[in-house]
Amino acid sequence: MDIDARIERRQRRDDGHRLVRDYEALSPVVHTDEPSGRGPAVERLLDHLDPVFDGVLPPNAYVHGPFGAGKSAVVTALFAGLERLSTGQGAIHTSTRAATPGTPGFAYVDMRETASEFAFYHAVLDGLVEERVPEHGIGTADLRERLGALLAGRSGAVVAVDHVGEPDDTDTEELIDLFAGLPSNVSWLAVGRASPEETELTTYTATAVRLDPYRRGALVDVLMTRAAAGLAQGGLEHRLARRIAEWAAGNAHDALAALFVAADTAERAERTRVMEHDVDGAIGEVPERSVSLARVLALPANKQLVLRALVDLDPEERATVAATTEAISAEPSVDLSQGTVKRFLYEMAELGIVERVRSERESGKGRPPSRLELRFAPSAFRRLYDLRQ
DNA sequence: GATCCACGGGAATACACGGATG
DNA sequence: CATCCGTGTATTCCCGTGGATC
């Protein structure tokens, strides 16, 4: 985001007549420092991590729970806090973060943004040191060496690895290999949706921590907290939050996505508060089996560009993959060959970002084409994407 | 100069159908 | 009738190259 966009956003925030004061605070892809209603889960994770306060590494562990149960919210908030702890509240600035002797370092790695071996080691190193680690001109082996040297003189590190086991993700074996490339004084905390029985990962862990879906009341609190942070006073009635929470059935991602869409709809209509039909529309826009918007927004830039064009197409232009490809390529903002656009579309279908649906054949010749359906709320993506440009 | 990885482009494979074959 | 084959699309797979970054 450039300076002008930032200034513009602040301007809008100061405009008292606006419903949406801060999209960031409402964003389903942004986690807050204090995840509301997940206190017990934080405690259980702290129980597991307790040895670090005596300078001892905990064993490997696996955190699991269904989509939208707050796994990432809890782990990111917790690791942000632990990083502050090991930097000594930033009082001492050295090149490394773990200035307090005896306390391990902490790093949070999101596998959604970590496709290669290089990217993984880069993310770990970047999480452990204060200075920025270059992304070019340095080899994977160099990174591994730097990590080895860094950790050799330290009391180790705990690495949280979020979103394991997603499609196209590094699988268990690869992940274990990645950690095998690090010194032995590294403990990991994997986070995923699969139950402990479903993943091989648990053959390497001593502990599993389960997060259950949000209870309805807790989810209402989450929504009201977000509304208080991002909307004008009284922008969201309690009963509408209840309605969203009821529909979301414990999935905080979908609930926040619905709130975001409803608020955006109301904002565009220049209303001063969210109305019931805004909520109805929003609920209708979030697909049944949705993909995380965070996952969509973690895609490479040009794939997001293709999606951005895709969400603006008419239904006719989406009749087949070929037609969709053509329409997207015709967009001046898209500077990609048709072959690449088409490949991107198929790849994203493979990832579950969009879904291929076989359309009724008309010609009778050859394999019938498919059309693409979105697995995320288009106006949420549109708004979040545009805010980042 | 070194490194990573996104793109482009095309080859290989899958699928659906109708017609031919046994 | 069951199976195979040819044709036309759709989809997946693969890898060399070049742009961007350090």
Side-chain angles (χ1 to χ4, degrees), chain A residues 1-2 95 109-150 163 166-171 174-175 177-178 181-182 291 295-310 313 315-375 385 388-389:
Chain A
M1 192 187 297
D2 62 22
S95 69
V109 178
D110 187 349
M111 293 310 281
R112 281 174 180 158
E113 300 172 348
T114 313
S116 65
E117 194 182 357
F118 175 85
F120 177 80
Y121 291 126
H122 183 272
V124 175
L125 186 58
D126 205 43
L128 291 176
V129 301
E130 196 70 48
E131 74 263 15
R132 263 184 68 71
V133 185
E135 294 179 40
H136 294 272
I138 176 174
T140 307
D142 299 324
L143 281 180
R144 234 192 330 251
E145 274 173 39
R146 278 186 64 178
L147 275 164
L150 175 70
H163 304 116
E166 292 199 351
D168 208 31
D169 204 8
T170 39
D171 59 31
E174 290 167 325
L175 191 61
D177 285 346
L178 288 172
L182 293 176
V291 65
R295 182 157 164 67
V296 179
L297 290 160
L299 290 169
N302 275 331
K303 281 196 173 144
Q304 291 191 50
L305 183 65
V306 166
L307 282 182
R308 181 64 186 84
L310 174 62
L313 295 187
E316 315 90 68
E317 293 172 309
R318 289 199 216 162
T320 66
V321 175
T324 306
T325 301
E326 234 174 282
I328 292 174
S329 303
E331 201 62 37
S333 61
V334 179
D335 183 28
L336 296 165
S337 77
Q338 289 214 6
T340 299
V341 170
K342 187 180 277 187
R343 183 168 56 77
F344 279 3
L345 290 173
Y346 280 119
E347 283 177 6
M348 291 191 288
E350 200 63 24
L351 296 177
I353 308 287
V354 294
E355 187 169 14
R356 283 198 304 117
V357 180
R358 229 169 68 189
S359 48
E360 307 69 52
R361 62 179 30 263
E362 307 148 17
S363 65
K365 285 204 165 196
R367 185 173 177 171
S370 322
R371 68 193 152 80
L372 297 175
E373 287 190 354
L374 305 176
R375 293 277 297 274
Y385 181 89
R388 289 187 177 191
Q389 300 311 304

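Source: prediction; values computed, not measured. Just so it is clear: chains get the letters A, B, ... in the order the sequence lines come, proteins before strands, and each one is counted from 1. Atom set for the values below is all heavy atoms of this structure, side chains included, hydrogens, waters and symmetry mates excluded.
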Integer-rounded Å distance: [N] [atom2] and [X] [atom1]:
X       : N       : atom1 : atom2 : value
E135(A) : dA20(C) : CD    : C1'   : 11 Å
F344(A) : dC13(C) : CZ    : P     : 16 Å
L299(A) : dA6(B)  : CG    : P     : 11 Å
F118(A) : dA6(B)  : CZ    : P     : 12 Å
E113(A) : dC5(B)  : CD    : P     : 14 Å
K342(A) : dG10(B) : NZ    : P     : 13 Å
K303(A) : dG8(B)  : NZ    : C1'   : 14 Å
L143(A) : dA2(B)  : CG    : P     : 17 Å

query = Hey, is the side chain of R367(A) pairing donor to acceptor with the base of dG8(C) inside 3.5 Å?
reply = no
Does [X] reach the main-chain N or O of [Y] with its side chain, forming a donor-acceptor pair under 3.5 Å?
X       : Y       : answer
Q304(A) : L299(A) : yes
E174(A) : D171(A) : yes
T324(A) : E317(A) : yes

How long is the gap from [atom1] on [X] to [atom2] on [Y], to the nearest 0.5 Å?
X       : Y       : atom1 : atom2 : result
T340(A) : K303(A) : OG1   : NZ    : 10.5 Å
L178(A) : T170(A) : CG    : OG1   : 6.0 Å
E145(A) : I138(A) : CD    : CD1   : 9.5 Å

Using a heavy-atom cut-off of 4.0 Å across all strands, would you classify [X] as base, sugar-phosphate, or nothing?
X       : value
T340(A) : base
G139(A) : sugar-phosphate
E347(A) : nothing
R358(A) : sugar-phosphate
R356(A) : sugar-phosphate
P134(A) : sugar-phosphate
T320(A) : nothing

request  = Tell me whether the OP1 or OP2 atom of dC4(B) has a side-chain N or O from S116(A) closer than 4.0 Å.
outcome  = no
query = Reckon T140(A) has a side-chain N or O less than 4.0 Å from the OP1 or OP2 of dC4(B)?
reply = yes
task = Would you mind telling me which residue lines up with the more 5' stretch of DNA chain C, A322(A) or R343(A), judged by nearest nucleotide?
result = A322(A)
inquiry  = The side chain of H136(A) is closest to which nucleotide in this list: dC13(C), dT3(B), dC5(B)?
reply    = dT3(B)
task = Please tell me which of the listed nucleotides, dT12(C), dG8(B), dC5(B), lies nearest to the side chain of E350(A)?
result = dT12(C)
